[in-house]
Amino acid sequence: MNKSNITRLHQAGILTDIDIHFAGFMTDLAGSKYQEVFLGAAFVSNVTGKGDVCLDLASFAGEVLLEKDDGMDAVICPGLSVWKDNLMSTKVVGRPGDLCPLILDEENRLYLYRYWEYEKKLSDSIKERVKEDISGLNLSLIKDSIKRLFPEIIDGDVNWQRVAAITSAFKKFCVISGGPGTGKTTTVAKILALLLEQKSKEENLRIFLAAPTGKAAARLSESIGNIKKKLNCKDYIKAAIPAEAFTIHRLLKTIIGSPFFRHNSENPLPADIVVIDEASMVDLPLMSKLIQAVPVDARLILIGDSDQLASVDPGSVLGDICGSSHVRGFTADFIDRVEELTDEKFTDSIKQYKDIKVLHDCIVILKKNYRFADSSGIGGLSRAVKLGDIDKALYLLKNESDRSIILEKILSADNFKRILTDKVIKFYSEYLKTDDPGIALELFNRFKILCAIKMGQFGVYAVNKIIEQILSRENLIQTENLWYRGRPVLITSNDYKLGLFNGDIGITMQIPGAVSDDMYVFFPGTSGELRYFLPYRLPQHETVYAMTVHKSQGSEFENVFLILPDKDYPVLSRELVYTGITRAIRSVTILGKEEVLRTSISRVIKRKSGLHDSLWGGRSSQIF
């Protein structure tokens, strides 16, 4: 690849600096002048930086990257067969199992070695865990626990929470997926009680609860703590359910300055049960390291919503694992077991599917929504978006009989600011008028503005500035000082000493009744108390009148205002719109153009990886 074409690819925004440096290094290491080596290495670096696990050579083969221009030749990706042959003729590219910087598999997927290894170890570990069921369980006791802990009868359908309980009891690997309001955390608390009831009072189960972020871990702790008090079981069982949840990094014990953890395959966690909440947010490298650190004989339970946005870093692990779970099938043996233990019958439609694999038995999708009724606007809208039913989604948004879901169109920049002004004054003025930090936090968290993008006039940074200007113009805040009264703050990194975590939201105020004018930032505590800190003590943070949809994952707000940009961006997707909508409990307003919303709902983000094929029976995978 000549320097002029490399410069053109960089200037066109096709390749980044790091892509070019990595590709140059691989080309030098290969001792090859093949353009195929440079382009393969550059694009595998590029797509990995965008969230893919690997490069699909077939999708790039023959693609025109740059047209012929001003005497410069066009830059075209090579044909697939030539590209593969020239890559494999070098020492930097190997087949799966080879120790080479780049790995090319039989399905024309080109990996960075470490990502191929992450995927292989994760896939192998899942396959190993699902081979055999856990034995030695007291079936009559399980039957009693299910009736007592899961008493609800679901008319016309299976009680999927009961199925999840049975799956968790007999399987070393289990996924419980479902949208907001389907009772995932409640189900897990009951499952832990059921598993503890299998042991005598003197025996202990070593249970760990964890989540990808500090905010999610705090929410899990709070939820489990509240739910277990109401469980229909003995007090010693409730006491044995852990009250504390960790971040995954804290659970595995980070080695500072290293990508590795103290707990790994050679030094596994001292655990019998590991529960991971918000699993959709966990990227491939972290999930691979986590599963290697969980003892093979322990239970690993993943909880999440496979329809939400995938992790920020490479991979779409929960989506890949649940990839075939839309086929509502289970093996005949598993169906017999569930029917025996629950006295419920599976429908014929579930039984009639063919080619059911053992992995199907490990994945349960919770269907009944306890938060949104069937007639709920938010519930109906979220279902339409999840299914990609654009016309139904727009019909619901335009239905004036239900004002819990609204589409307000952006007509101009001035129109955008006018709409934003009305919303900001309506929802934010109340919290700014109180002197009680606890009340201020409660009022502030009833409403949240979510942005789809970071940059641009509709991005989170610009919107936060606009909101500050609106509130300042209304004399509700005084922005002469950085730490003005009422400034909302989002923590963006974890500080375990202070107990502040990525995703925590605080409000800047004076201590009520204090003589000093000093400002403190108040945060809600896990037990309902308030904690406050001087601003200089805070870890990394930012102003948060508005936040990105990505940052909102794991949070809930009474009212949500979702801002879409005025034109299409690659980041816009069905998953993003669904995630934004499902942060709302009472109402959601989408501000944007109808055509942008249509495009967003029609686009499904499919990250490239081989995990789905490996687990579910791709041509080069083991079928089990």
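Here the structure is a predicted model, which is why all the values come from computation and not from measurement.
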Please check if the side chain of [X] supplies one atom and the backbone of [Y] the other of a donor-acceptor pair under 3.5 Å.
X: Ser382; Y: Ile378; value: yes
X: Lys238; Y: Lys229; value: yes
X: Tyr111; Y: Gly610; value: yes
X: Ser552; Y: Ser555; value: no
X: Ser602; Y: Thr599; value: yes
X: Trp83; Y: Ala58; value: no
X: Ser125; Y: Lys121; value: no
X: Arg607; Y: Gly315; value: yes
X: Ser59; Y: Asp56; value: yes

Audit row: Asp391, Arg598, salt bridge (Lys or Arg N to Asp or Glu O under 4.0 Å) steps and yes/no: CA-CA 9 Å; Asp391 293 334; Arg598 280 184 173 275; 3.4 Å; yes
Taking all atoms of both residues into account, what is the closest heavy-atom pair of [X] and [Y], and its distance?
X: Leu149; Y: Cys233; answer: CD2-CB, 4.5 Å
X: Ala169; Y: Leu137; answer: O-CD1, 3.4 Å
X: Val130; Y: Cys362; answer: CG1-SG, 3.6 Å
X: Ile605; Y: Pro570; answer: CD1-O, 4.1 Å
X: Gly304; Y: Lys184; answer: O-CD, 3.5 Å
X: Ser123; Y: Leu611; answer: CB-CD1, 3.9 Å

So, taking the atom named [atom1] in [X] and the one named [atom2] in [Y], what distance separates them when rounded to the nearest 0.5 Å?
X: Thr187; Y: Leu366; atom1: OG1; atom2: CG; answer: 5.0 Å
X: Ile146; Y: Leu341; atom1: CD1; atom2: CG; answer: 5.5 Å
X: Asn232; Y: Lys190; atom1: CG; atom2: NZ; answer: 9.5 Å
X: Ile176; Y: Thr167; atom1: CD1; atom2: OG1; answer: 7.5 Å
X: Ile142; Y: Lys147; atom1: CD1; atom2: NZ; answer: 13.5 Å
X: Ile241; Y: Ile227; atom1: CD1; atom2: CD1; answer: 9.5 Å

Residue pair Trp160, Val163: steps toward the side chain to side chain contact (heavy atoms under 4.5 Å, CB included) verdict: CA-CA 5 Å; Trp160 292 106; Val163 178; 3.9 Å; yes
Show me, pair by pair, the donor-acceptor contacts under 3.5 angstrom made by side chains of residues 281-297, not counting sequence neighbours?
{"residue": "Asp283", "atom": "OD1", "partner": "Leu286", "partner atom": "N", "Å": "2.9"}
{"residue": "Ser288", "atom": "OG", "partner": "Tyr118", "partner atom": "O", "Å": "2.9"}
{"residue": "Ser288", "atom": "OG", "partner": "Gln292", "partner atom": "NE2", "Å": "3.1"}
{"residue": "Lys289", "atom": "NZ", "partner": "Pro259", "partner atom": "O", "Å": "2.6"}
{"residue": "Gln292", "atom": "NE2", "partner": "Ser288", "partner atom": "O", "Å": "3.0"}

Residues [X] and [Y] bridged, charged N to O under 4.0 Å:
X: Glu244; Y: Arg250; answer: yes
X: Asp105; Y: Arg95; answer: no
X: Lys386; Y: Asp305; answer: no
X: Arg337; Y: Asp361; answer: no

Test log, rule side chain to side chain contact (heavy atoms under 4.5 Å, CB included), inputs Glu344 and Val338: CA-CA 8 Å; Glu344 290 186 87; Val338 172; 6.0 Å; no
More than 12 heavy atoms of other residues, nucleotides or ligands under 6.0 Å from [atom1] of [X]: yes or no?
X: Glu132; atom1: CD; answer: no
X: Lys120; atom1: NZ; answer: no
X: Lys253; atom1: NZ; answer: no
X: Lys608; atom1: NZ; answer: no

Is there a donor in the side chain of [X] and an acceptor in the side chain of [Y], or the other way round, less than 3.5 Å apart?
X: Asn138; Y: Ser140; answer: yes
X: Asn502; Y: Thr213; answer: no
X: Thr579; Y: Arg583; answer: no
X: Asn159; Y: Thr342; answer: no

Taking the side chain as C-beta and beyond, is there a heavy-atom pair between [X] and [Y] under 4.5 Å?
X: His263; Y: Pro270; answer: yes
X: Asn204; Y: Lys199; answer: no
X: Met26; Y: Pro101; answer: yes
X: Phe173; Y: Ile321; answer: yes
X: Val358; Y: Phe334; answer: no
X: Ser609; Y: Tyr115; answer: no
X: Ser177; Y: Ile365; answer: yes
X: Glu152; Y: Lys368; answer: yes

Worked check of side chain to side chain contact (heavy atoms under 4.5 Å, CB included) between Lys367 and Thr182: CA-CA 6 Å; Lys367 297 169 65 176; Thr182 52; over 6 Å; no
Worked verdict on Phe261 versus Thr254 for side chain to side chain contact (heavy atoms under 4.5 Å, CB included): CA-CA 5 Å; Phe261 296 99; Thr254 301; 3.5 Å; yes
Working for salt bridge (Lys or Arg N to Asp or Glu O under 4.0 Å), residues Asp133 and Lys171: CA-CA 5 Å; Asp133 286 355; Lys171 303 295 181 181; 2.7 Å; yes
Please report, to 0.1 Å, the donor-acceptor pairs under 3.5 Å made by any side chain of residues 271-278, with sequence neighbours excluded.
{"residue": "Asp272", "atom": "OD1", "partner": "Arg206", "partner atom": "NH2", "Å": "3.3"}
{"residue": "Asp272", "atom": "OD2", "partner": "Arg206", "partner atom": "N", "Å": "2.8"}
{"residue": "Asp272", "atom": "OD2", "partner": "Arg206", "partner atom": "NE", "Å": "3.2"}

Salt bridge (Lys or Arg N to Asp or Glu O under 4.0 Å) between Arg383 and Asp389, intermediate numbers included: CA-CA 8 Å; Arg383 286 191 294 273; Asp389 191 337; over 6 Å; no
